[in-house]
Amino acid sequence: MPLLFKNELQNAYLAVWQKRETPEQLMSMLTLSDDEKIVYEQFTNERRQSEWLTSRILLKNILGKETAIVYDKNGKPYLIGDEQFISISHSRNMVAVMVSDTNIGLDIEQITARATKVRHKFLTGSELEWCKTDVEHTLVWTVKESAYKLIGNGLEHTEVEISEKPNFAESAIFKVRIDRCKSHIKTCHTQLIFDNILSYIAE
């Protein structure tokens, strides 16, 4: 069972899983409700099946019980019968889940040239000056995805800006400005997990 870690943070839990199992192996770790079985059976892609199952295994690991995840009209997940907030993300080889007493946004991405190739679509302000490498582009992408998931109502990536280059090696904490109706300054936590970058922003 490749649970990489489960960390208790301030008012939150963060768990990360390294993808290895087949959907059949993952299914044996859960007891799905009839409604969940209907949702699962709609996935024809094995990768998507594994991600969906793994996110629920991680949630079970965090809460100590099986809890249903549903989604609002903007695609933001929430828990049935639980007032805690949840955010879910997956990369090519990992799945991450965060549960918190406050609203959160989480993203994890494998470091590749993918974000670099579309840098003109999401970089803004001073980011255009200091963001040059695949690592930096992936970092900024995860930050903006985290902000998007935090807000949950169609935030544009260009409405989020890292004003100063983060001092990033294996982890970093820095301020992010979100311009939606009015400017908000949020704190972002970012860390390197093997060849992935994980970022999260909490209220």
Side-chain angles (χ1 to χ4, degrees), residues 2-19 47-48 50-63 67-72 74-80 82-112 114-115 122 135-157 159-162 166 168 170-178 180 184-203:
L3 174 67
L4 290 181
F5 62 82
K6 181 178 72 173
N7 290 346
E8 183 175 359
L9 309 171
Q10 185 176 5
N11 302 318
Y13 282 93
L14 169 64
V16 177
W17 186 285
Q18 191 170 26
K19 297 179 188 177
R47 177 185 60 80
R48 185 68 187 95
S50 295
E51 291 167 352
W52 190 88
L53 291 168
T54 301
S55 65
R56 280 143 184 84
I57 292 170
L58 285 173
L59 179 61
K60 179 182 177 181
N61 195 289
I62 291 172
L63 297 181
T67 304
I69 304 171
V70 292
Y71 298 84
D72 67 17
N74 296 309
K76 187 175 176 67
Y78 63 95
L79 303 175
I80 292 293
D82 195 310
E83 294 183 356
Q84 295 184 95
F85 295 85
I86 183 173
S87 191
I88 302 168
S89 184
H90 49 79
S91 66
R92 292 178 182 175
N93 57 357
M94 293 187 188
V95 178
V97 170
M98 192 169 186
V99 175
S100 174
D101 292 340
T102 61
N103 189 22
I104 48 171
L106 165 77
D107 192 57
I108 188 168
E109 297 288 342
Q110 189 175 35
I111 300 168
T112 66
R114 188 166 66 119
F122 67 92
V135 171
E136 291 169 341
H137 288 119
T138 303
L139 183 150
V140 175
W141 178 263
T142 63
V143 171
K144 299 199 176 198
E145 278 289 297
S146 297
Y148 176 86
K149 293 178 179 181
L150 177 78
I151 301 302
N153 62 352
L155 182 75
E156 296 291 338
H157 283 31
E159 293 179 291
V160 183
E161 184 177 349
I162 304 172
F168 177 73
E170 294 186 356
S171 63
I173 301 174
F174 49 91
K175 298 297 183 182
V176 177
R177 189 180 75 249
I178 301 174
R180 169 53 63 98
H184 302 271
I185 303 298
K186 302 293 184 182
T187 300
C188 182
H189 296 253
T190 296
Q191 66 184 90
L192 183 68
I193 306 173
F194 298 134
D195 61 343
N196 285 250
I197 294 178
L198 179 146
S199 295
Y200 67 88
I201 302 173
E203 291 284 13

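Only this structure's heavy atoms are used, side chains among them; waters, hydrogens and symmetry mates stay out. All figures in this text were calculated on a predicted structure; none of them were measured in a lab.
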Indicate yes or no: at least one non-hydrogen side-chain atom of [X] is less than 4.5 angstrom from one of [Y].
X	Y	answer
T138	T112	no
H137	W141	no
Y78	Y71	no
L14	F5	yes

Test side-chain hydrogen bond (donor to acceptor under 3.5 Å, both in side chains) applied to S91 and N196, step by step: CA-CA 8 Å; S91 66; N196 285 250; 2.6 Å; yes
Aromatic ring pairing H189/Y200, orientation class (parallel under 30°, perpendicular over 60°, tilted between): parallel
Does R92 CZ have over 12 foreign heavy atoms under 6.0 Å away? no
Considering residues, nucleotides and ligands other than Y148, do more than 12 of their heavy atoms fall under 6.0 Å from its OH? no
Rounded to the nearest 0.5 Å, what separation is found between the [atom1] atom of [X] and the [atom2] atom of [Y]?
X	Y	atom1	atom2	result
T102	F85	OG1	CZ	7.0 Å
L139	Q191	CG	CD	11.5 Å
L192	S171	CG	OG	9.0 Å

Hey, is [X] close enough to [Y] for a salt bridge, meaning N to O under 4.0 Å?
X	Y	value
K186	E203	yes
R177	E159	no
E161	K144	no

Would you name the heavy atoms of [X] and [Y] that are closest together and state the gap between them?
X	Y	result
L155	R180	CA-NH2, 3.2 Å
I197	T142	O-CG2, 3.5 Å
L3	L58	CD1-CD2, 3.5 Å
A147	I201	N-CD1, 3.8 Å
S146	D107	OG-N, 3.4 Å
M98	L9	CE-CD1, 3.6 Å

Does H90 have any ring-ring contact (aromatic ring centres under 6.0 Å, His included) partners at least two apart in sequence or in another chain, and if so, which? none
Considering residues at least two apart in sequence or located in another chain, which fulfil the ring-ring contact (aromatic ring centres under 6.0 Å, His included) criterion with F174? none
Distance alone, cut at 3.5 Å: any donor-acceptor contact between the side chains of [X] and [Y]?
X	Y	value
N103	K76	yes
N11	S100	no
K19	T54	no

Could you go step by step and tell me if W17 and L4 meet the side chain to side chain contact (heavy atoms under 4.5 Å, CB included) rule? CA-CA 5 Å; W17 186 285; L4 290 181; over 6 Å; no
Given V99, which of L59, L106, D82 fulfils the side-chain contact (heavy atoms from CB on, under 4.5 Å) condition? L59
Taking it one step at a time, do E145 and S199 satisfy side chain to side chain contact (heavy atoms under 4.5 Å, CB included)? CA-CA 9 Å; E145 278 289 297; S199 295; over 6 Å; no
Contacts of D195 that satisfy side-chain hydrogen bond (donor to acceptor under 3.5 Å, both in side chains) - sequence neighbours left out: N93, Q110
For a side chain to side chain contact (heavy atoms under 4.5 Å, CB included) check, start with the C-alpha distance between V143 and T190, then their side-chain angles and the critical distance, and finish with the verdict. CA-CA 8 Å; V143 171; T190 296; 4.1 Å; yes
Candidate pair V16 and F194, rule side chain to side chain contact (heavy atoms under 4.5 Å, CB included), full reasoning: CA-CA 12 Å; V16 177; F194 298 134; over 6 Å; no
